K.L.:
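Structure provided below as structure tokens; questions to follow.
None of the values given here were measured: they were computed from a predicted structure. By convention in this document, chain letters (A, B, ...) are assigned in the order of the sequence lines, proteins followed by strands, and residues within each chain are numbered from 1.
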There are 2 protein chains.
Amino acid sequence: MDEEFRALRRHGYRLTPQRETIMKFMKTTPGHPTAEEVFSYVKQSFPSISFSTVYNTLRTLKKVGLIRELAYNPSRFESNVGDHYHVVCLNCNHIANFIWPSMKELQEEVEKQTNFRIAAQDVGFFGLCPGCRSKEKE
Amino acid sequence: MDEEFRALRRHGYRLTPQRETIMKFMKTTPGHPTAEEVFSYVKQSFPSISFSTVYNTLRTLKKVGLIRELAYNPSRFESNVGDHYHVVCLNCNHIANFIWPSMKELQEEVEKQTNFRIAAQDVGFFGLCPGCRSKEKE
DNA sequence: TTCACTGCAAAAAGTTTGCACTGAG
DNA sequence: CTCAGTGCAAACTTTTTGCAGTGAA
């Protein structure tokens with residue numbers, strides 16, 4: 001975790017207990033929580049924390065590159081910033097990850113076609129998760 | 001345009017002047033307007049139209065499959081429902097399209113990896129558009 | 001000591017809803 | 001004639017902001 005705290009300081013941010021708590025939660029949760037979910041969870045071990053601090057902190061952590069924001073509504077966050085992409089269940093909103101090594105090639109193709117300089121991508125697939133598919137058949 | 005109107009009726013929806021006006025705008029605009037932009041534009045030729053009618057209509061057109069909603073914040077809409085994907089400029093929010101025939105293969109790969117049944121995808125790349133790139137250098 | 005951060009409350013931004021009236025079919 | 005659609009206003013959800021007090025460095 002020290003690595004993350006150093007990253008904050010390097011960018012000129014202070015290491016407050018609130019940030020530490022939120023960062024710790026983000027590092028340990030396997031899911032893709034919303035700000036609301038982060039708030040609810042973190043409130044258990046840090047009862048006085050406010051909603052806006054959660055929002056501000058998530059934005060700060062994102063700026064430093066420690067977490068990533070997924071553009072759903074509401075936004076979702078994850079501390080796994082490595083190369084992977086998401087599938088979202090249209091029925092239960094469960095999110096799973098998948099990997100795809102050739103994404104870099106697609107990105108180059110996009111730059112060639114559009115003349116944009118690509119900095120980030122959000123590749124989302126939507127469908128029915130295994131659980132919902134089996135329920136569907138019943 | 002008759003094709004679109006028939007699609008509405010086929011789904012049991014009535015063809016009102018409001019829907020006709022919005023559909024006509026969506027068909028002719030080359031961009032990816034927000035609900036607000038659709039409202040502002042359509043209001044010029046249909047001054048009495050309300051914001052909620054625009055929202056309701058966009059949702060209806062989407063349900064019938066005549067338009068597609070892009071999950072940005074705010075949502076954006078386009079009548080081009082054919083196979084293409086988007087690049088968004090991080091600086092000016094300009095949206096451009098790109099095509100990529102092997103998307104189907106990636107979708108199959110995703111289904112294999114996750115065991116989801118994929119129904120839709122939203123592939124978005126983010127970066128700097130040609131215009132903003134040249135301004136950046138100055 | 002200092003100024004970035006917190007907590008609170010209020011506002012903003014985007015979207016949805018309830019309801020009485022209207023007009024498409 | 002009937003009921004889906006409209007316009008209006010109000011509610012709701014998600015996110016942002018202003019500000020006085022607090023505590024990390």
K.L.:
Within this structure, what is the OH-to-C1' distance between Tyr55(A) and dC8(C), rounded to whole angstrom?
P.N.:
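The answer, rounded to whole Å, is 16 Å.
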K.L.:
Do nucleotides 2-12 of chain D as a string where each nucleotide becomes B, S or -: B if the base has a protein heavy atom under 4.0 Å, S if just the sugar-phosphate does, - if no protein is that close.
P.N.:
-BBSSBBB---
K.L.:
So, for Tyr72(A) and Ile95(A), which heavy atoms are closest and what is the spacing to 0.1 Å?
P.N.:
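Heavy-atom minimum between the residues: CE1-CD1, 3.9 Å.
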K.L.:
Is there a residue in residues 26-38 of chain A whose heavy atoms reach under 4.0 Å of DNA chain D, and which residues are they?
P.N.:
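Output list: empty, so none.
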K.L.:
Can you tell me how far C1' of dT16(C) sits from CZ of Arg59(B), to the nearest Å?
P.N.:
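From Arg59(B) CZ to dT16(C) C1': 7 Å.
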K.L.:
Can you name the residues that form a side-chain contact (heavy atoms from CB on, under 4.5 Å) with Phe125(B), not counting sequence neighbours?
P.N.:
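Checked Phe125(B) against side-chain contact (heavy atoms from CB on, under 4.5 Å); matches are Met103(A), Leu106(A), Gln107(A), Val110(A), Ile118(A), Gln121(A), Val87(B), Phe98(B), Val123(B).
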K.L.:
Give me each pair satisfying side-chain hydrogen bond (donor to acceptor under 3.5 Å, both in side chains) with a member in residues 3-18 of chain B, each pair once, sequence neighbours excluded.
P.N.:
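For residues 3-18 of chain B, and leaving out neighbouring residues, the side-chain hydrogen bond (donor to acceptor under 3.5 Å, both in side chains) pairs sorted by first residue read Glu4(B)-Lys27(B).
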K.L.:
Taking atom P of dC3(C) as reference, at what distance in whole Å does atom CZ of Arg9(A) sit?
P.N.:
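Distance, rounded to whole Å: 19 Å.
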K.L.:
Send over the distance from Lys62(B) NZ to dT15(C) C1', rounded to a whole Å.
P.N.:
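Checked: the NZ to C1' distance equals 12 Å.
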K.L.:
Please state how far atom NZ in Lys63(A) lies from atom C1' in dC5(C), giving the value in whole angstrom units.
P.N.:
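So the NZ-C1' distance, Lys63(A) to dC5(C), works out to 13 Å.
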K.L.:
Do any N or O atoms from the side chain of Ser79(B) and from the backbone of Met26(B) form a donor-acceptor pair under 3.5 angstrom?
P.N.:
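Side chain of Ser79(B) to backbone of Met26(B), a donor-acceptor pair under 3.5 Å: yes, one is there.
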K.L.:
Mind checking whether Leu58(A) and Glu69(A) have side chains closer than 4.5 Å, heavy atoms only?
P.N.:
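When only atoms from C-beta onward are counted, Glu69(A) and Leu58(A) do not touch, as no gap falls below 4.5 Å.
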K.L.:
Can you name the closest pair of heavy atoms from Cys89(A) and Phe116(B) and give their distance?
P.N.:
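Shortest heavy-atom contact: N-CE2, 3.6 Å.
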K.L.:
Measure the distance from CZ on Arg6(B) to P on dG25(C) and round it to the nearest whole Å.
P.N.:
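After rounding, the reported distance stands at 14 Å.
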K.L.:
Under 3.5 Å, is there a donor-acceptor pair linking the side chains of Ser50(B) and Thr53(B)?
P.N.:
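Checked: Ser50(B)/Thr53(B) side chains pair up, N/O donor to acceptor below 3.5 Å.
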K.L.:
Quick one: Phe51(B) CZ to dT15(C) C1', roughly how many Å, whole number?
P.N.:
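It is 8 Å, rounded to the nearest whole Å.
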K.L.:
List, by chain and number, the other hydrophobic cluster members for Val81(A), where Ile, Leu, Val, Met, Phe, Trp and Tyr join if side-chain heavy atoms come within less than 4.5 Å, directly or indirectly.
P.N.:
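Answer for Val81(A): none, a lone residue.
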K.L.:
Expressed in angstrom and rounded to an integer, what is the separation of Phe77(B) atom CZ from dG14(C) atom P?
P.N.:
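In whole Å, dG14(C) P and Phe77(B) CZ are 12 Å from each other.
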K.L.:
Test: side-chain hydrogen bond (donor to acceptor under 3.5 Å, both in side chains). Region: residues 37-49 of chain A. Which pairs qualify, not counting sequence neighbours?
P.N.:
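Applying side-chain hydrogen bond (donor to acceptor under 3.5 Å, both in side chains) to every pair that reaches into residues 37-49 of chain A, excluding sequence neighbours, yields Glu36(A)-Ser40(A).
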